[in-house]
Amino acid sequence: MKKTIEYPAEIRTAQDDNRSYHISEFTSKLDHSLQLPLFLVKSNAILEVRDCQIRSIKEKNLSISESKLPSEIQDICFLVQGSSDSSKRHAALRLKSCTLTNFHTFIRSDSFNSLHVQKSYFSVCRGHAIALADPRSVTISDCVFDRAAKSAINMKFSREIYEGLTRRIKIGDNQILNSEGYAISLFSENLNYHDLAILIFKNIIMNSQKEAVALKFLNISELQIYQNEIQSTSRNGIYIHNVINSMSNQQCIIQENKITKSGIGGIVIKDSSCLLESNEISENTQYGVYFSSSDTVTPEEEQFYQKNPVKLFVNKCRIAKNAGTGINVSGMLKGPIILSSSAVNENLNGIIINEIENPNKRASMMEETKKSEGTKTAQKDVGRRVESILFEKSEISRNSANGILVHRLCNDLFINQSVIVGNQLNAIWIVNASETHLLKLMDAQSGKLKEHVQGNIGGPWGKLSEEKLKMEDSKNSNCVIF
């Protein structure tokens with residue numbers, strides 16, 4: 001039988017009662033708000049709560065006017081305060097089968113603490129439902145979050161690095177509904193490496209006003225986002241910006257997710273190395289997948305990306321019925337893009353490519369050209385890098401405008417055994433005639449081009465003949481992207 005706790009029956013000032021809260025002790029360093037916790041868990045303590053119903057009635061029972069206070073009162077159900085000394089034992093909170101309602105924040109934690117929440121219900125809060133700073137170990141499973149004014153689950157990571165410690169975050173089998181911010185947000189202040197594994201899986205996320213899942217500026221050992229169902233977010237389904245692994249260059253895994261009816265797009269990836277596999281991305285307002293890289297890169301960054309290329313692999317995905325583009329590629333590529341065994345169908349445009357040239361690469365090509373003069377080095381291989389694009393064994397069909405639309409192409413585009421048919425305007429449309437030598441239709445040499453590609457191949461300057469395609473393809477028929 002669940003026990004019901006109503007909080008607070010009355011809030012008094014320190015002058016009224018020696019048993020009252022000393023407000024100054026809980027003043028937030030971030031926003032100077034007045035934090036009043038119902039449960040306070042400090043270092044070396046473990047609190048376990050089961051089978052409770054806890055609700056705040058702050059609005060009905062506030063005995064002093066908030067307008068007379070210097071800042072907002074934040075009624076917090078659980079405040080977990082650890083120690084900044086990593087050698088000390090930190091605090092832990094374990095919550096199971098509880099119902100929490102009407103607080104500003106249900107759980108707030110800092111300083112490398114642990115949190116394990118199962119089978120609980122969180123409804124109506126005025127801030128983040130769960131807000132964690134530098135967590136050590138987190139498991140949130142089989143819970144329901146409804147109507148958070150900010151993020152349902154928010155985590156921030158500082159510059160602090162805990163050597164020799166592996167951290168793990170698991171967020172799975174939850175329902176996250178009607179968040180006015182993000183459903184799940186994990187952000188860092190910089191790109192210091194953390195031995196941190198993040199798993200986000202089997203969640204149902206609906207009606208978030210921002211992204212359903214957002215991760216920014218993380219340098220971590222592992223990220224997996226899989227088997228989530230995301231629907232009707234006002235912005236994007238999944239947003240990943242500068243998430244890297246500088247130790248092993250392991251890709252982020254985004255697998256078997258279903259993302260539909262987002263207000264902007266399905267998946268956004270910026271300057272992050274990712275594998276997208278077996279996802280269904282459909283009926284989004286603008287695009288299915290948006291992959292972009294920064295428009296500038298320093299020589300130092302260029303050296304880093306040569307060793308740690310930013311790779312996008314899209315395998316066995318269905319990207320369909322998006323009102324804009326199926327896949328949009330833009331910016332300065334810093335690694336290969338491979339589309340394999342996927343279907344990009346019934347969008348406005350199937351794929352749009354709009355690259356920006358890397359000036360460091362151009363300088364490098366000129367340098368290598370000078371070095372190779374007078375030698376037997378094949379000039380066609382000079383300057384080849386990992387930034388090539390390959391579409392292989394995929395279907396790009398029945399799009400309302402173009403199958404593939406190229407606004408700007410700076411690297412080789414290989415198309416091999418892919419079916420590009422039934423697109424209403426053009427099969428492949430390249431805006432600049434000077435870039436046609438970068439198009440490598442591998443089927444031209446095998447004689448299967450007409451079978452696999454139906455529709456115009458050309459641009460505003462005219463059409464490419466089959467003889468021209470064979471000639472261009474024969475100049476460099478090897479697809480080398482690693």
Side-chain angles (χ1 to χ4, degrees), residues 4-13 20-41 49 52-81 93 95 98-110 113 115 117 120-133 135 138 140 143-156 171 174-187 205-214 233-235:
T4 300
I5 301 174
E6 291 188 348
Y7 163 75
E10 184 176 8
I11 294 179
R12 298 170 180 260
T13 64
S20 64
Y21 292 101
H22 292 271
I23 290 176
S24 61
E25 293 182 4
F26 304 108
T27 300
S28 169
K29 295 179 181 180
L30 296 177
D31 56 12
H32 303 289
S33 59
L34 304 179
Q35 299 180 354
L36 300 183
L38 177 58
F39 296 93
L40 177 61
V41 187
V49 180
C52 284
Q53 294 181 356
I54 309 173
R55 67 187 181 96
S56 173
I57 51 175
K58 164 182 169 289
E59 300 297 331
K60 298 179 182 179
N61 291 271
L62 190 62
S63 62
I64 52 178
S65 173
E66 282 197 46
S67 63
K68 297 179 181 180
L69 294 174
S71 56
E72 178 193 16
I73 291 179
Q74 295 185 1
D75 48 327
I76 299 170
C77 190
F78 296 95
L79 180 59
V80 186
Q81 292 183 329
L93 173 62
L95 198 68
C98 290
T99 299
L100 281 64
T101 55
N102 291 327
F103 285 83
H104 180 278
T105 302
F106 298 118
I107 300 171
R108 177 168 291 174
S109 174
D110 61 13
N113 298 311
L115 174 66
V117 183
S120 294
Y121 178 75
F122 302 87
S123 176
V124 186
C125 66
R126 301 186 306 282
H128 301 301
I130 295 178
L132 310 177
V138 177
I140 302 173
C143 294
V144 177
F145 295 84
D146 188 18
R147 289 174 288 171
K150 294 184 178 180
S151 297
I153 301 170
N154 173 261
M155 299 185 200
K156 293 186 177 180
I171 303 172
N174 303 289
Q175 293 185 46
I176 306 176
L177 314 173
N178 307 310
S179 299
E180 293 184 26
Y182 303 97
I184 300 170
S185 56
L186 294 90
F187 302 152
I205 303 174
M206 299 179 66
N207 300 319
S208 298
Q209 293 302 305
K210 293 185 178 180
E211 276 74 19
V213 178
T233 61
S234 293
R235 286 165 55 171

With a 4.5 Å cut-off on side-chain heavy atoms, are [Y] and [X] touching?
X	Y	answer
S179	Q209	no
V49	C98	yes
N174	I184	no
L95	I107	yes
L93	N113	no
D110	Q81	yes

Practice problem: Identify which one of F78, F145, F103 satisfies the ring-ring contact (aromatic ring centres under 6.0 Å, His included) criterion when paired with F122. | Solution: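 Testing F122 for a ring-ring contact (aromatic ring centres under 6.0 Å, His included) against F78, F145, F103 leaves exactly one candidate, F145.
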Quiz prompt | side chain to side chain contact (heavy atoms under 4.5 Å, CB included), paired with I130, selected from L115, T105, N154 | solution =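 Of all the options given, the one that passes is L115.
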Rounded to the nearest 0.5 Å, how far does [atom2] of [Y] lie from [atom1] of [X]?
X	Y	atom1	atom2	result
T233	I205	OG1	CD1	9.0 Å
E180	S151	CD	OG	11.0 Å
C143	F106	SG	CZ	11.5 Å
L100	I54	CG	CD1	5.0 Å
H104	K150	NE2	NZ	5.5 Å
S234	N207	OG	CG	7.5 Å

Tell me the closest heavy-atom pair linking [X] and [Y], and the distance in Å.
X	Y	result
P135	M155	CG-SD, 4.0 Å
N102	R126	O-NH1, 3.5 Å
A212	A183	O-CB, 3.1 Å

Quiz item: Taking the six-membered ring where the residue is Trp, are the ring centres of Y182 and F187 under 6.0 Å apart?
Solution: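 Yes.
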